[in-house]
Structure formats: structure tokens, C-alpha cells
Number of protein chains: 2
Amino acid sequence: MKKEFRSGCPISSALDIVGDKWTLLIIRDMLVKHKKTFKAISDSDEKIAPSILAARLRMLELYKLIFKTKRIENKKENIYLLTEKGMGLTPIIIEFSLWGNSNLQEFNDIDAVDGLSIDKTLIIKAVQDSYYAAVLSRWRSASNIYDESIILGD
Amino acid sequence: MKKEFRSGCPISSALDIVGDKWTLLIIRDMLVKHKKTFKAISDSDEKIAPSILAARLRMLELYKLIFKTKRIENKKENIYLLTEKGMGLTPIIIEFSLWGNSNLQEFNDIDAVDGLSIDKTLIIKAVQDSYYAAVLSRWRSASNIYDESIILGD
DNA sequence: TAATATTGCTATTAAATTAAAAGTAAAAAT
DNA sequence: ATTTTTACTTTTAATTTAATAGCAATATTA
């Protein structure tokens, strides 16, 4: 658990884990779109192949950016949730969104991102709070099970 | 100039350009380490292959994140400089550095990053100002030439 | 209860990308 | 004039990605 890193540089090391075309999109789906299952993530606009998604989820679990659980009533479906480490990527996701929005309009039709004029730290906090309230609050460590019977929005 | 983007999502579009293991490291070398030549970037800790570096520089120029120039006195050596779009990646670089530093210590020996306790926006401004003063200030658009005869630190 | 559909993958194969190494031409330095 | 440096390109091999099909377990529907 050492040779997969090209150097001791924190930027380089972060890129060794999330530096590819798919990993941060999976995090975006979970964090911003509140997706929790293999199927839901598979159905994104960008059409990730199942083999790649499976490999990435395995790797994200290995580095503890996500963890896997189940609903009480469903033995089959896996529920993927972000850990603190994973939620810590929020600022990176936000900065990518801001940069893409400001710098790529001449090359691609970029979807409008609303609320970009608000202060960045507020956006980051809002995204994290929303993920916590809408998704993570249903996680009960007592039984290591994801319990959607707690009725909340989403 | 449209089909290289997977969707209209700004995050996805940003990743279509800088979402790989090398591109942001090249930007780091230029922005933080003030590297300006093919050779200097080749000599980084992470040992990028010349074929990949050449391809990335070409692509960064295409998307106007960098531009290429020469010194008055050297006909051979190319000088690569960041544009505004390229410098706009500073917050992303900083966030990667902070995240890597806080979250990967258990997997890799991460180099100490000094001054992390300072406010983020100050770090971002400091990095950008430093790049401007130490590197970009020598760019004279009159002759489209990089002029190092302006004596400044670095 | 039986048939059908869904989910979460794995397996397979083809295509594309990356990595490593060597080579080259022009210019710079000695 | 010779050697070295720079900025690449070329080549080939290895790895990764992409697309598709398949499959077992579970869940849903009839």
C-alpha cells in the first residue's frame, strides 16, 4: 500500500485516487444527486460502463471514501454512502463546477448552474448539509443498515 | 468541437479536459513551481513520459489554458505560460492539495504542505499573484516574446 | 405459486490510451 | 568543429477503457 502513489505530493496523491474521468462523477452523483445504488449511478447522463463503475466503487471503498450497506427490507440492493473523507471532496466538486461553468462555454453548451453568485463556502456547506440530512441521516450504525423508514424529503 | 464532451454538466465537461492523472500535475508545475519548459516539466518527481507531455501541452494550448512563446535570445526552447483560464484552475489545485493532505496520510507519506492554516482564499490569491509577478510579468505582447531580462526574483 | 423483471454485478472482447524507450533534427554551448 | 541540449516524434508493448453480453440472486407481478 505505497507503490500506487507516484510521489509524496498531496496533489499528485489525490490525483492517483480521484484523477480520472469517472471517479469524481460518481461522487457528484452521490453527493449532489443523492444517488445511492449501482443502478441509479449507471443511469447518469454520461453512461458509465458497469465494469468501470464496479471497479471504481471497489476502489472508493478501499480508500474509505464510500461504504456499502443494505436496506433492512431489501437483501439484494446495495446502498453506497459517502464517508467523511468522501464528503470532503465537496470543495473540489464545487470548484470544478465553477471552473467549467466560467471557462468552457466556448467549447461546449454548459448547463446553467444556479446560485453560483452565492459565496462558495456557503454552497459547500449547503451541499454537505443536504447530503447529510437527505441521505446519511438514515444510516443507523446499531445494525449497520440503511433505514429509509425515517420519513424525510427526497 | 462538441462530441468530446460527455454531457452539458460543467463538472463532467471540466473533467473531460483536466480529468486525468497528468494534466493537473503539469498545471501544478507551471503554477506552483514556476516551470516553463518541456525539459523542466519532464524533470518532475512523477516522471511523465515525453509523448504524454507533448500530447497534453498540445491539448492545453487547444483549450487555451496555456500558450507557447520563446525568449528573444533562444530560438529553440519553447516557453509555456498559463493563460487566465489556466490560472483559474488555482482553486482546484489548492483544494486537491488540502484534501490529499488531510485524507491520504494513512495510505501514503504525504509531504508537509506549509501554511495550510491560512485562509484558503488568501492562499489562492498568493499563488496567483506569485505566478503573475515571477513568470507572467516577463511576457511582452508587443513582440510576443518572453523577456527574462526584466530582473526580478525566481 | 409461477413467471417475469430487476439488480448488481462478472466475463469477454475490441478499441483506445498510456508507458517506456529509442531516435532525430535543430539549435546552443563548448 | 564537436558535443550537448532541447523538444519533441516514433515505435512498440502494456494497461486501461468501452461496449456488450451474460448470469445468479432477489424482488415483483400475474
Side-chain angles (χ1 to χ4, degrees), chain A residues 3-7 12 15-26 29-30 34-63 66-81 145-146 148-149, chain B residues 3-7 12 15-26 29-30 34-63 66-81 145-146 148-149:
Chain A
K3 70 169 296 293
E4 64 263 47
F5 292 97
R6 288 168 291 178
S7 77
S12 164
L15 290 170
D16 285 333
I17 293 181
V18 300
D20 71 277
K21 298 220 176 300
W22 293 111
T23 303
L24 286 175
L25 284 193
I26 295 170
D29 280 355
M30 296 177 69
H34 298 172
K35 294 187 177 185
K36 297 178 288 291
T37 62
F38 194 98
K39 182 67 182 355
I41 301 171
S42 290
D43 289 344
S44 297
D45 287 348
E46 295 88 5
K47 294 287 160 218
I48 188 169
S51 50
I52 296 178
L53 179 55
R56 289 297 181 287
L57 289 173
R58 214 176 299 127
M59 180 261 168
L60 287 170
E61 221 185 330
L62 175 65
Y63 286 107
I66 65 173
F67 64 100
K68 200 198 295 192
T69 184
K70 305 254 185 203
R71 289 198 174 88
I72 307 167
E73 73 280 11
N74 191 319
K75 296 271 150 67
K76 190 168 104 191
E77 192 184 53
N78 287 323
I79 303 291
Y80 294 97
L81 302 174
I145 278 241
Y146 181 76
E148 224 156 44
S149 68
Chain B
K3 71 171 294 294
E4 64 263 45
F5 292 97
R6 287 170 291 178
S7 77
S12 163
L15 289 170
D16 284 333
I17 293 181
V18 302
D20 71 278
K21 298 218 175 302
W22 293 111
T23 303
L24 286 176
L25 283 193
I26 295 169
D29 280 355
M30 296 178 69
H34 298 174
K35 294 187 178 186
K36 297 177 289 288
T37 62
F38 194 99
K39 183 65 181 355
I41 300 170
S42 290
D43 289 345
S44 297
D45 287 349
E46 295 87 6
K47 295 289 162 217
I48 187 169
S51 50
I52 296 178
L53 179 53
R56 288 297 181 287
L57 289 173
R58 213 177 298 128
M59 180 264 168
L60 287 170
E61 222 185 327
L62 175 66
Y63 287 108
I66 65 173
F67 65 100
K68 199 198 296 192
T69 183
K70 304 255 185 201
R71 289 200 175 87
I72 306 166
E73 72 280 9
N74 191 319
K75 294 273 150 62
K76 190 167 105 192
E77 193 184 54
N78 286 324
I79 302 291
Y80 294 97
L81 302 174
I145 278 241
Y146 181 74
E148 223 155 41
S149 68

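The sequence lines fix the lettering, A, B, ..., with proteins before strands; numbering per chain opens at 1. Atoms considered below: every heavy atom in the structure, side chains included; atoms not considered: hydrogens, waters and symmetry mates.
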Completion exercise
A:Asp20 atom CG is separated from D:dT15 atom P, nearest whole Å, by 18 Å
Problem - Distance in angstrom units between B:Glu77 CD and D:dA7 P, rounded - result: 5 Å
Exercise for the section: Write down the distance between CD1 (B:Ile48) and P (D:dT9), rounded to a whole number of angstrom. Expected result: 14 Å
Exercise for the section: Decide yes or no for B:Tyr146 and B:Glu77: does some side-chain heavy atom of the first lie under 4.5 Å from some side-chain heavy atom of the second? Expected result: no
Completion exercise
Separation of C:dT6 atom C1' from A:Lys76 atom NZ, nearest Å, is 4 Å
Handout entry: Interatomic spacing from CZ in B:Arg56 to CG in B:Leu62 - rounded to 0.5 Å
Key = 13.0 Å
Exercise for the section: Return no unless some side-chain N or O of B:Asn74 is found under 4.0 Å from OP1 or OP2 of C:dA28. Expected result: yes
Exercise for the section: Check whether any side-chain N or O of A:Lys39 sits under 4.0 Å from OP1 or OP2 of C:dG8, and answer yes or no. Expected result: no
Handout entry: side-chain N/O A:Asn78 vs C:dC9 OP1/OP2, d < 4.0 Å
Key = yes
Handout entry: Whole-Å gap separating C1' (D:dA7) and CD1 (B:Ile52)
Key = 16 Å
Handout entry: Distance below 4.0 Å between B:Tyr80 side-chain N/O and D:dC8 OP1 or OP2
Key = yes
Problem - Expected output: side-chain B:Lys21 to main-chain A:Asp20 donor-acceptor under 3.5 Å - result: no
Practice task
Rounded to the nearest 0.5 Å, what's the gap from CG on B:Leu60 to CD1 on B:Ile66? Could you check?
Solution key: 5.0 Å
Practice task
Quick one: pull up OH in A:Tyr80 and CG in A:Leu57 and give me the separation to the nearest 0.5 Å.
Solution key: 5.0 Å
Exercise for the section: Provide, to the nearest angstrom, the distance between the CZ atom belonging to A:Arg6 and the P atom belonging to C:dA20. Expected result: 11 Å
Exercise for the section: Send over the distance from A:Ile26 CD1 to C:dC9 C1', rounded to a whole Å. Expected result: 14 Å
Practice task
With the side chain of B:Lys75 defined as its heavy atoms from C-beta on, choose the nearest nucleotide among C:dA27, D:dT26, C:dT18.
Solution key: C:dA27
Return a table of donor-acceptor pairs under 3.5 angstrom between the side chains of residues 45-55 of chain B and protein atoms on other chains or two or more places apart.
from, atom 1, to, atom 2, distance (Å)
B:Glu46, OE1, B:Arg28, NH2, 2.8
B:Glu46, OE2, A:Ser7, OG, 2.7
B:Glu46, OE2, B:Arg28, NH1, 3.0

Handout entry: Any B:Trp22 side-chain N or O less than 4.0 Å from OP1/OP2 of C:dA19
Key = yes
Handout entry: Gap between atoms NZ and C1', on A:Lys70 and C:dC9 respectively (whole Å)
Key = 11 Å
Exercise for the section: Would you confirm whether A:Lys36, through its side chain, and A:Ile79, through its main-chain N or O, come within 3.5 Å as a donor-acceptor pair? Expected result: no
Show the distances under 3.5 angstrom between N or O atoms of the protein and N or O atoms of nucleotides 10-17 of chain C.
from, atom 1, to, atom 2, distance (Å)
C:dT10, OP2, A:Arg58, NH2, 3.0

